[in-house]
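Below, chains carry the letters A, B, ... as their sequence lines are ordered, and counting in each starts from 1.
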Amino acid sequence: MLLFEDYRSKITDDIRSIYTDVDPSDVGFDRTGHADFAFRTFRISKSSGKKPDQILAEVSTVLSGRPYIENVSLEGPYINIRIKPSVMLRELDESVEIKGQFPDTFQDPERVSVEHTSTNPTGPLHVGRIRNTLLGDSIARILGRYGYRVTTQYFVNDSGRQIMALYEAYRRYNSGKKPSMDIILSGYQRIYGEMENDPSIENDIKELMNSYEKGDVELMDSIKAIASVALDNINTSLKSLGVKIDDYTWESDFIRSGELIEIVDSFSDILNDEDGAKYILNPDKEKIFLRRSNGTSLYFTRDIAYHKYKARTYDWIVDILGEDHKGHAKNLQFVLKDLMEMPNRIDFVFNAYVSLETGKMSTRKGNAVTVDELLERTKEEALKIVSEKRPDLPKDKLEKISLSVAKSSIRFNIIRINANKQVVFKWSEALNFEGDSAPYIMYSYARACGILKHAGNARPNYDDIVPQERELIVTMYQYPYRITEAKDSLRPDIIANYTLDLVKKFNDFYRECPVSGSDEKTMGKRIRIVQIYKNIIEDISKLLGIELLEEM
RNA sequence: GGGCCCGUGGCCUAGUCUGGAUAAGGCACCGUCCUUCUAAGUCGGUGAUCGUGGGUCCGAAUCCCACCGGGCCCGCCA
């Protein structure tokens with residue numbers, strides 16, 4: 001959990017001590033610039049018959065006794081509440097100075113698993129997939145920041161039909177050659193083309209699945225070896241964006257262990273049969289198949305086993321899935337919660353698809369922008385720009401800056417959009433580093449570093465706060481509320497959009513409030529403000545995967 | 001046919017959960033500011049029937065209903 005002075009709760013509690021029936025949603029941050037907090041009196045006026053100025057008098061009586069309240073005033077039907085900026089600044093400063101961060105985190109014992117990516121190892125990671133990756137990675141980081149003990153998970157498919165096709169392709173076309181991503185991918189694309197005219201392929205795949213399911217260890221190992229080549233390639237791409245997976249689980253592990261058979265057997269009471277295939281019914285009377293008629297297992301059953309595995313270690317299971325998995329997730333939820341009565345909290349986060357202007361992305365059809373390609377081109381573009389802007393810097397520094405800009409931009413552009421919105425990938429947007437972008441944030445950080453480099457020493461001071469300072473302080477103060485919101489709704493885009501708002505406030509401050517050269521009291525105050533800002537941007541950068549630079 | 005998601009200036013996005021003060025940013029376009037801590041920045045301007053039509057409410061981008069447009073799903077695939 002997060003530790004900080006929660007004025008919103010305090011104010012809400014005070015108001016509710018007078019009007020017990022007040023709706024907490026009537027007390028909140030004001031977004032219109034009238035105050036810090038606003039209390040809407042409509043409902044209380046109606047229920048109590050009191051006029052707004054009577055309500056103001058009563059609310060003022062309670063709130064004016066609080067040391068953090070600056071003033072309480074009435075504007076139409078709104079009671080506007082302002083917090084003393086010096087108190088907020090002191091709160092921020094002491095947290096940063098003493099705890100090293102604002103807000104401070106109290107380590108929660110609860111353990112959380114965040115599964116993301118889990119893409120089939122059949123080809124290089126592409127732009128359509130990393131939306132899932134980056135969502136999951138940021139969610140994991142946000143939950144960790146909030147205080148949970150978080151582990152990221154990747155479920156590796158080395159058992160499905162697609163992987164058998166991949167392996168069969170390698171065996172037919174490239175047997176004996178050292179497997180590489182190119183060889184694997186081209187074979188995979190080729191076999192789906194030839195399958196239509198050559199029924200022997202289908203038969204061979206079926207045969208492979210049978211041997212596999214019977215526990216042919218040699219076959220399992222061979223397939224795992226091929227899948228590993230693709231997985232290594234994917235992992236290299238993940239690493240290039242700063243994504244780390246803590247735990248890989250292979251689907252084949254549950255076949256080897258015999259657990260899948262136990263799971264199907266455990267449903268014997270409600271199991272139905274269709275030509276030897278086994279299924280159960282969901283509440284909508286739709287069939288959920290658990291085993292094929294030829295006895296081989298299905299992804300759904302392997303996923304049950306995987307979730308049983310996760311439930312042994314984690315209190316809270318979070319799965320990031322493509323929106324095409326909504327049906328799968330609904331059924332999984334039904335089986336785990338209703339049938340197996342799993343007590344763990346389970347949440348699914350869905351991401352809508354990223355398409356190209358030319359249509360859908362597909363590994364099989366070779367119609368996709370890979371992560372490596374995206375990173376390469378973005379880096380080139382960044383290098384062009386930074387070389388123009390900073391001809392004074394040496395080559396290696398320019399390279400370093402462009403790489404950080406590229407990684408950060410890619411992550412930020414994807415993460416700042418609400419996950420259930422469909423996205424069309426456009427190079428013109430990916431290569432734009434102006435406006436609402438990662439470099440905008442990074443640049444403001446570099447400016448903050450510049451200020452601190454130029455400023456001298458001065459004793460901290462919290463007095464005589466001017467409007468631009470106040471706006472920045474209030475926005476920084478809101479940070480823990482935004483972390484909490486993002487954690488509750490599992491939405492990193494909330495943090496991304498908050499950050500843009502925060503940077504704008506910092507830019508206003510930067511323009512209007514010189515630090516070095518100002519009198520000692522003013523400088524003492526502004527150095528503290530800049531240091532807090534720097535600290536919060538550093539904190540946020542870890543949540544969003546932005547690589548900050550002291551100069552750029 | 002059934003289910004889920006999305007629709008906000010020319011383009012992209014926030015706000016929708018929890019209804020409330022002038023609908024907030026960015027791109028593009030026009031104009032401004034580098035003798036002061038980095039101009040990847042700043043300030044100002046043009047530009048929005050919040051998909052359409054009903055309804056609820058003192059009050060609707062936000063809630064309800066219908067419809068339209070786009071996406072996804074409805075496999076013994078994953």
Side-chain angles (χ1 to χ4, degrees), chain A residues 23-26 28 30-35 38 40-43 45-46 75-78 80 118-120 122 155 157 159-163 251 274-279 284 286-287 289-300 302-303 322-328 330 350 352-353 355 360 382 385-386 388-390 405 413 416-424 426 428-429 432-444 446-455 485 488-489 493-494 496-498 500-501 503-504 507-508 510-511 513-518 526 530 551-552:
Chain A
D23 188 323
S25 68
D26 278 336
D30 169 58
R31 291 179 190 160
T32 61
H34 289 79
R40 293 185 280 265
T41 59
F42 301 93
R43 259 183 278 268
S45 272
K46 203 172 180 182
E75 215 170 314
Y78 297 91
N80 287 326
S118 295
T119 178
N120 289 347
T122 53
F155 195 31
N157 174 8
S159 314
R161 238 180 141 272
Q162 290 176 33
I163 295 297
E251 288 193 13
E274 187 176 305
D275 304 327
K278 303 295 178 193
Y279 68 90
D284 296 327
E286 296 159 337
K287 294 170 184 172
F289 281 91
L290 299 178
R291 188 188 288 161
R292 292 193 182 88
S293 52
N294 65 7
T296 58
S297 67
L298 289 159
Y299 162 68
F300 189 86
R302 296 193 287 268
D303 211 21
E323 65 175 345
D324 54 331
H325 277 58
K326 280 184 179 177
H328 172 83
K330 189 187 72 178
F350 300 102
Y353 272 41
S355 58
K360 283 186 209 170
I385 292 169
V386 71
E388 269 170 37
K389 290 183 191 294
R390 298 300 303 271
V405 165
N413 282 341
R416 76 187 190 89
I417 312 278
N418 190 319
N420 42 31
K421 229 162 179 149
Q422 44 203 78
V423 166
V424 177
K426 295 194 181 98
S428 62
E429 285 170 8
N432 177 29
F433 304 129
E434 285 172 8
D436 289 350
S437 65
Y440 181 69
I441 298 164
M442 298 166 72
Y443 190 69
S444 85
R447 278 176 155 179
C449 292
I451 292 172
L452 295 174
K453 206 159 57 185
H454 286 89
E485 244 184 285
D488 285 337
S489 52
D493 59 297
I494 289 177
N497 284 296
Y498 163 72
L500 293 174
D501 187 35
V503 172
K504 284 180 181 83
N507 284 337
D508 291 343
Y510 181 85
R511 189 180 66 249
C513 306
V515 180
S516 67
S518 55
R526 291 184 178 165
V530 174
E551 65 171 327
M552 60 185 286

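At B:A14, one or more side-chain N or O atoms of A:Lys421 fall inside 4.0 Å of OP1 or OP2 (strictly under the cut-off). Side-chain N/O atoms of A:Tyr440 include one lying less than 4.0 angstrom from OP1 or OP2 on B:U42. Residue A:Arg511 places at least one side-chain N or O closer than 4.0 Å to OP1 or OP2 of B:C43. Listed pair A:Arg447 / B:U36 fails the phosphate criterion, with no side-chain N or O lying under 4.0 Å from OP1 or OP2. Residue A:Arg292 has a polar side-chain atom (N or O) positioned under 4.0 Å from OP1 or OP2 of B:C77. Distances shorter than 4.0 Å separate none of the side-chain N or O atoms of A:Asn507 from OP1 or OP2 on B:G41. Within the structure, every side-chain polar atom (N or O) of A:Lys330 is placed at least 4.0 Å from both OP1 and OP2 of B:G3. Between A:Arg416 and B:G26 there is no side-chain N or O to OP1 or OP2 distance below 4.0 Å.
Put simply, CG on A:Asn413 is 20 Å from P on B:C11, counting in whole angstrom units. The distance from atom CG of A:Asn497 to atom P of B:G25 is 13 Å, rounded to the nearest whole Å. We find that CG of A:Leu452 is positioned 10 Å from C1' of B:C37, with the value rounded to whole Å.
Base pairing analysis places B:A24 opposite B:U13; the two distances defining the Watson-Crick or G-U wobble pair are each below 3.5 Å. Applying the Watson-Crick and G-U wobble criteria (two distances, each under 3.5 Å), B:C29 pairs with B:G45. Using the Watson-Crick or G-U wobble rule with both distances under 3.5 Å, B:G59 pairs with nothing in any strand shown.
Separation of the P atoms belonging to B:C67 and B:G2 is 9 Å when rounded to the nearest angstrom. Rounded to whole Å, the C1' atom of B:G1 lies 33 Å from the corresponding atom of B:A60. One P atom belongs to B:G59, the other to B:G70, and the distance between them is 35 Å to the nearest Å. Of the P atoms belonging to B:G25 and B:U46, the separation is 13 Å, rounded to the nearest Å. B:C58 and B:U16: their P atoms are spaced 24 Å apart (whole Å). For the C1' atom pair drawn from B:C30 and B:C73, the interatomic distance equals 47 Å after rounding to whole Å. The same atom, P, is picked in B:C27 and in B:C64; the two are 35 Å apart, to the nearest Å.
As judged by a 4.0 angstrom heavy-atom cut-off over every strand, A:Ala455 is placed among residues making no nucleic acid contact. Using a 4.0 Å heavy-atom criterion, one finds that A:Arg526 contacts no nucleic acid atom at all.
Residues A:Phe42 and A:Tyr78 meet the side-chain proximity criterion, which asks for heavy atoms closer than 4.5 Å.
Residue ring and base: A:His34 counts as stacked with B:A21 (centre distance below 5.5 Å, interplanar angle below 30°). Remark: ring of A:Tyr78 stacked against base of B:A21; centroid gap under 5.5 Å, plane tilt under 30°.
Judged by distance alone, with hydrogens and angles left aside, A:Asp303 brings no side-chain donor or acceptor close enough to the base of B:A78 to form a pair under 3.5 Å.
Nearest to the side chain of A:Ser25, among B:A40, B:G19, B:C37, sits B:G19.
Here the closest heavy-atom approach between residue A:Ser293 and residue A:Asp275 is recorded as CB-O, 3.0 Å. For the pair A:Glu251 and A:Phe155, the tightest heavy-atom approach, listed with the atom from each and the gap, is CG-CZ, 3.5 Å.
When each of A:Asp26 and A:Lys326 is assigned the nucleotide of RNA chain B bearing its nearest heavy atom, the one mapping closer to the 5' terminus is A:Lys326. Along RNA chain B, the nucleotide nearest A:Pro439 and the nucleotide nearest A:Asp436 are compared for position; the residue whose nucleotide lies closer to the 5' end is A:Asp436.
At a threshold of 4.0 Å, the pair A:Asp284-A:Lys330 counts as salt-bridged, since one of the basic side-chain nitrogens sits closer than that to a carboxylate oxygen.
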